[in-house]
Undergrad: 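One structure, pasted below without further comment.
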Amino acid sequence: MSARFYFGLTLLAALAAPVAVPAAPAPATPATAAPDKSNGAKDEAAAATSETMEDARTRGDGVAAVVNDSPISNYDVRQRMQLFIATSGVKPSPEAQKEIRGQVLKQLETERLELLEAEKSKVTVTAAEVDKAINDIMTDNHLSQEQLNKLLGGAGVRMETLRAQIAAQIAWSKLVQDALGDRVHVSQLDVDDELARLKAGANKPHYLVSEIFQAVDTPEQDAKVKKDMENLKMQLDAGAPFGAVARQLSQNPTAAQGGDLGSVQEGQLPPELDKVLKTMHSGQVSEPIRATGGYYILYLRELQLPEGTKLPDQTPQVTYPAGTLPLVRILLPLPPMQKPNKELIERAGQAAAVMRSQIQSCESAKQVAAKLQGTSFMSLGNMRLADLNEEMQQAIEQAGPGGITPPLVSAAGVELLVRCDKAPPKIGFIHLPSRDQVEQQIYEEQITTLARQYLRDLRRDADVETVEK
């Protein structure tokens with residue numbers, strides 16, 4: 001089984017302006033800005049667990065937790081918090097930062113358990129494997145090495161923090177495959193039965209769904225996990241991209257794909273999840289749902305109906321005065337220039353493009369704009385379109401209801417216009433998977449169940465001491 005590891009990175013540092021998150025002090029060891037090309041055999045998974053308590057004390061940073069005698073420093077926690085903030089697009093209040101710290105620390109404790117188990121089983125992760133994952137990140141996000149270095153540096157995140165997270169995911173994936181792969185048996189009869197079930201249900205609605213999962217290993221943990229998931233839901237409601245939050249904090253293997261479960265039909269998920277899913281509309285994020293093993297948050301990306309189904313009328317009922325639309329404006333101002341500075345305009349355009357990818361709605365646009373100092377946000381109300389230039393009018397029309405224009409260059413700078421009229425729910429048609437896809441899906445479902453049991457057993461037997469702060 002193979003997986004690519006994606007992180008929802010931002011280019012908010014593209015303007016070389018400080019991001020509104022606190023920068024952690026650099027430790028005494030020198031930072032590594034670029035992927036390590038010098039030693040392809042380096043075991044990055046082992047390096048992530050190599051710090052001792054004496055190292056943390058010498059650095060004067062303190063220990064946040066100890067997992068089976070392996071320390072996690074406060075510096076580690078701050079770095080991962082800043083990585084989460086940079087990739088999720090949230091600007092948390094001081095109170096919310098405390099909640100995020102607790103969630104990040106819990107995730108680091110889980111990763112440390114996974115890494116220690118991988119080390120015990122002699123699973124290694126080479127620098128070359130991490131380099132490849134970082135190259136995938138840069139390719140998928142259209143980043144150069146220099147841009148990646150700038151965006152991490154602008155958020156106060158060292159490259160080693162990103163490398164350590166990638167190494168942990170690769171190590172756990174390898175360990176699960178090595179330890180549990182032989183216990184998964186997908187027969188041709190299993191595939192036949194699943195294909196028959198899918199065909200029988202082809203006349204039922206299907207759903208493109210993503211998930212965030214956090215485990216409840218003992219009854220005593222239930223209230224705390226529920227509260228953590230409620231806090232995550234608040235961050236999602238505030239505009240944090242679902243995929244970015246899932247990648248950082250979900251505890252199912254789907255985290256590597258931003259929580260993507262693919263297409264499911266009625267009755268395919270556990271009853272507690274299926275019941276909620278049938279009440280959701282496209283684009284909706286559920287409240288935390290208690291089901292077997294822990295709590296879930298679901299995101300319904302798209303409702304799918306059988307081929308030939310007459311789609312319901314999705315026209316929004318709200319109307320606006322003729323020739324107007326409700327708009328908000330985000331402006332990245334540029335200094336007055338006698339002649340255009342192409343490099344400066346390009347950098348502003350890059351930052352605006354990444355902000356555009358983080359905006360979920362008009363409600364979240366203000367928070368996204370606040371992340372980059374010097375950026376202005378303005379609600380234009382019901383704007384008369386005739387008062388805008390032709391380029392803006394065309395961009396707004398092409399954006400569609402609820403859409404966002406591409407970055408537009410004006411005399412004031414580079415700007416985005418966000419339409420606040422509601423987009424209709426996304427509805428598509430069902431496409432049955434191939435036989436190979438069904439076989440892979442069954443395999444992944446079975447090994448995910450085994451991996452969850454494996455991790456639950458590791459947690460149960462672990463000696464974890466969290467230092468109160």
Side-chain angles (χ1 to χ4, degrees), residues 8-21 85-93 141-143 147 150-151 153-155 238-241 244 320-321 323-423:
L9 300 176
T10 77
L11 278 175
L12 292 180
L15 290 177
V19 178
V21 295
I85 290 169
T87 59
S88 67
V90 300
K91 186 182 179 183
S93 65
N141 291 276
H142 308 290
L143 292 172
Q147 289 170 327
K150 281 184 178 180
L151 74 90
Y320 305 99
T324 70
L325 279 176
L327 302 173
V328 300
R329 176 198 194 208
I330 294 176
L331 173 67
L332 283 71
L334 296 173
M337 296 177 283
Q338 292 184 343
K339 61 179 181 178
N341 184 323
K342 291 184 179 180
E343 181 181 358
L344 189 59
I345 292 173
E346 181 180 347
R347 288 162 61 195
Q350 289 175 334
V354 175
M355 294 174 76
R356 181 175 184 260
S357 71
Q358 292 187 330
I359 296 171
Q360 309 293 311
S361 63
C362 281
E363 290 74 19
S364 70
K366 185 173 184 179
Q367 187 175 42
V368 172
K371 276 190 65 70
L372 189 60
Q373 292 181 5
T375 301
S376 65
F377 170 89
M378 181 184 300
S379 175
L380 301 179
N382 287 328
M383 183 73 188
R384 205 165 75 95
L385 299 182
D387 292 338
L388 303 174
N389 64 41
E390 186 175 346
E391 180 189 12
M392 289 183 172
Q393 291 184 45
Q394 290 178 352
I396 290 169
E397 181 180 357
Q398 292 172 1
I404 310 165
T405 68
L408 301 169
V409 180
S410 68
V414 176
E415 56 188 280
L416 299 169
L417 296 172
V418 185
R419 289 180 55 161
C420 303
D421 51 335
K422 298 299 181 183

Undergrad: Between R419 and G400 (side chain of the first, backbone of the second, donor and acceptor by atom type, cut-off under 3.5 Å), is there such a pair?
TA: yes

Undergrad: Over all heavy atoms of both residues, which pair between M355 and A369 is shortest? Give the atoms and the distance, please.
TA: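 So the two residues come closest at CE-CA, 3.5 Å.
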
Undergrad: Are the side chains of L327 and L388 in touch, meaning some heavy atoms are under 4.5 Å apart?
TA: yes

Undergrad: Could you pull out the closest heavy-atom pair between V409 and E391, with the gap in Å?
TA: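 In this case the closest contact between V409 and E391 is O-OE1, 4.4 Å.
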
Undergrad: Take atom CD in Q393; do more than 12 heavy atoms of anything else shown fall under 6.0 Å from it?
TA: yes

Undergrad: Once you round to the nearest 0.5 Å, how far does CG of L380 lie from CG of D387?
TA: 10.5 Å

Undergrad: Which atoms form the tightest heavy-atom contact between V328 and C362, and what is the distance?
TA: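 Minimum heavy-atom separation between V328 and C362: CG2-SG, 4.0 Å.
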
Undergrad: Using a 4.5 Å cut-off on heavy atoms from C-beta on, say whether the side chain of M392 contacts that of L408.
TA: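 They are in contact (side-chain heavy atoms under 4.5 Å apart), so the answer is yes.
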
Undergrad: Do M383 and I396 have side chains that approach each other closer than 4.5 Å (heavy atoms only, starting at C-beta)?
TA: no

Undergrad: Would you say that N389 contacts S410 through its side chain, given a criterion of any heavy-atom pair below 4.5 Å between the two side chains?
TA: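 In short, these two side chains do not touch, never coming nearer than 4.5 Å.
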
Undergrad: To the nearest 0.5 Å, tell me how far I330 CD1 sits from T405 OG1.
TA: 9.5 Å

Undergrad: Do you know which two heavy atoms are closest between A348 and L334, and how far apart they sit?
TA: CB-CD2, 4.0 Å

Undergrad: Under 4.5 Å between any side-chain heavy atoms of E346 and Q350, yes or no?
TA: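 In short, these two side chains touch, coming nearer than 4.5 Å.
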
Undergrad: For the residue pair V414 and P407, what are the closest heavy atoms and their distance?
TA: CG1-CB, 3.8 Å

Undergrad: Would you compute the distance between atom CG of L325 and atom CG of N382 and round it to the nearest 0.5 angstrom?
TA: 8.0 Å

Undergrad: About how many Å separate CG of L417 and CD1 of I404, when rounded to the nearest 0.5 Å?
TA: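 With rounding to 0.5 Å, CD1 (I404) is 10.5 Å from CG (L417).
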
